[in-house]
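Report on the structure given below.
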Amino acid sequence: VKNPSLKGKYALLTGGSKGLGTYIGRALASEGVNLALTARTEPTLNAVAEELASFGVQTLPVAADITDDQSRRALLDRVMDTFGRIDILVNNAGMERLSRYHRLTPDYIQTMIRTNLEAPMLLARLVLPDMLARQSGHIVTMSSLGGKKGSPYTATYAATKAGLIEWTQGLREELRQTGVNASVICPGFVAEAGLFAVYNKTAPRIAGATTPDKVAQAVVRAIKDDVGEIIVNPSPIKPMQILDAIHPGIIRWVLRTFGLYDFYRQQADENERQFSA
Ligand SMILES: NC(=O)c1ccc[n+]([C@@H]2O[C@H](COP(=O)([O-])OP(=O)(O)OC[C@H]3O[C@@H](n4cnc5c(N)ncnc54)[C@H](OP(=O)(O)O)[C@@H]3O)[C@@H](O)[C@H]2O)c1
């Protein structure tokens, strides 16, 4: 364990108001990490900050839209003014909508890219100089198994999440020996809370579902053990990746045959009806 204790560290967690963010917030707060939380919806953000303060840590809710440059800078200024430093950035906020690609508006596609890919990259750019000067810091970014292999009806999401995986890899290598680290977390379907759980569907058997607690524990482990990439999924993914490398096409055949793509298409149909209504 590289960092046995996170007690007294200062973190900025994006998407801290709901879904996986509340679980990540709890896991960090229970380690004694002081937390600045951000999301656009102020009342829910404030309620989570209040709950997390019961762990005996400082909490700072700052409403911000991470796709907006001014909002990002104001967020960083506010956190630095209050905490004096950011030891940990957790790039968790993200969005997804299953849909046929061409049925998404250009505006929606751009917003997804800005939220999922551009905002984490630009937030990291804002926190890095201070981390590098102090030779200490960790950037944890929430990607997805969806970023490991593009699937139908979720191509834009896959593009953003794949981008985060490769960006983290490059950054991590670049930051070697600087005291600053970067990690990426790739959860599969998550039950109980978050953007998949709101669909109120059971994940297809071929994929299964993990829990938000396990995702939150992965974030803590990534920081404590300095792990570059953690996949959070009920079944092991490595054998599938090896098979895919040897015989591209086999995994797609399995996923198609065992209903993953049908599952996505049905949800895409529902979403398209809902959003065109
Ligand atoms: N749930 C899953 O099954 C799953 C699986 C793999 C990966 N992930 C990833 O895990 C992360 C968290 O997802 P989740 O499931 O917890 O989603 P969620 O329940 O929809 O929560 C998303 C969070 O991000 C915030 N957010 C969204 N857009 C924002 C913006 N422009 N500025 C500031 N905050 C913004 C939301 O608050 P406001 O709306 O109030 O801004 C909310 O707090 C995402 O990166 C997602 O891609 C999720």
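Just so you know, ligand 1 is whichever comes first in the structure, and atom 1 is the first atom listed for that ligand. Quantities reported herein were computed from a predicted structural model and do not represent experimental measurements.
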Charged N to carboxylate O under 4.0 angstrom, [X] versus [Y]?
{"X": "D87", "Y": "R134", "answer": "yes"}
{"X": "R26", "Y": "E31", "answer": "no"}
{"X": "R172", "Y": "D226", "answer": "yes"}
{"X": "R72", "Y": "D69", "answer": "yes"}
{"X": "D269", "Y": "R100", "answer": "yes"}
{"X": "K201", "Y": "E270", "answer": "yes"}

Residue and atom name of the nearest protein heavy atom (relative to [atom]), distance in Å to one decimal:
{"atom": "atom 46 (C) of ligand 1", "value": "Y157 OH, 3.6 Å"}
{"atom": "atom 4 (C) of ligand 1", "value": "V190 CG2, 3.9 Å"}
{"atom": "atom 10 (O) of ligand 1", "value": "M142 CG, 3.2 Å"}
{"atom": "atom 25 (C) of ligand 1", "value": "G15 CA, 3.6 Å"}
{"atom": "atom 16 (O) of ligand 1", "value": "L20 N, 2.7 Å"}
{"atom": "atom 6 (C) of ligand 1", "value": "P187 O, 3.3 Å"}

Could you check whether any heavy atom of R114 sits closer than 4.0 Å to an atom of ligand 1, since that is the contact criterion I want to use?
no
Is the closest heavy atom of K18 to ligand 1 under 4.0 Å?
yes
Taking atom types as modelled, is there a side-chain donor on [X] or [Y] under 3.5 Å from an acceptor on the other?
{"X": "E96", "Y": "T154", "answer": "yes"}
{"X": "N271", "Y": "Y153", "answer": "no"}
{"X": "T67", "Y": "D65", "answer": "yes"}

Flag yes if more than 12 heavy atoms outside Q241 fall under 6.0 Å of its CD atom; otherwise flag no.
yes
Pick whichever of [options] has a heavy atom sitting closest to [atom].
{"atom": "atom 28 (N) of ligand 1", "options": "R40, R72, M95", "answer": "R40"}
{"atom": "atom 45 (O) of ligand 1", "options": "T41, D68, N92", "answer": "N92"}
{"atom": "atom 17 (O) of ligand 1", "options": "I185, L195, I66, D65", "answer": "L195"}
{"atom": "atom 43 (O) of ligand 1", "options": "S143, G21, S17", "answer": "S17"}
{"atom": "atom 5 (C) of ligand 1", "options": "S144, A193, G194, G188", "answer": "G188"}

Can you sort out which atoms of ligand 1 are near [X], meaning under 4.0 Å from one of its heavy atoms?
{"X": "A64", "value": "32 (N), 33 (C)"}
{"X": "A93", "value": "24 (O), 25 (C), 26 (N), 35 (C), 45 (O)"}
{"X": "F196", "value": "1 (N), 3 (O)"}
{"X": "G19", "value": "16 (O), 19 (O)"}
{"X": "T115", "value": "28 (N)"}
{"X": "T67", "value": "31 (N)"}
{"X": "G94", "value": "22 (C), 24 (O), 44 (C), 45 (O)"}

Is R205 close enough and on-axis enough to F258, meaning under 6.0 Å and within 45°, for cation-pi?
no
Is A39 in polar range of ligand 1, meaning some N or O pair under 3.5 Å apart?
no
Measuring from K148:NZ to D244:CG, what's the distance to the nearest 0.5 Å?
11.5 Å
Apply side chain to side chain contact (heavy atoms under 4.5 Å, CB included) to I109 and T111, showing your working.
CA-CA 5 Å; I109 291 167; T111 301; over 6 Å; no
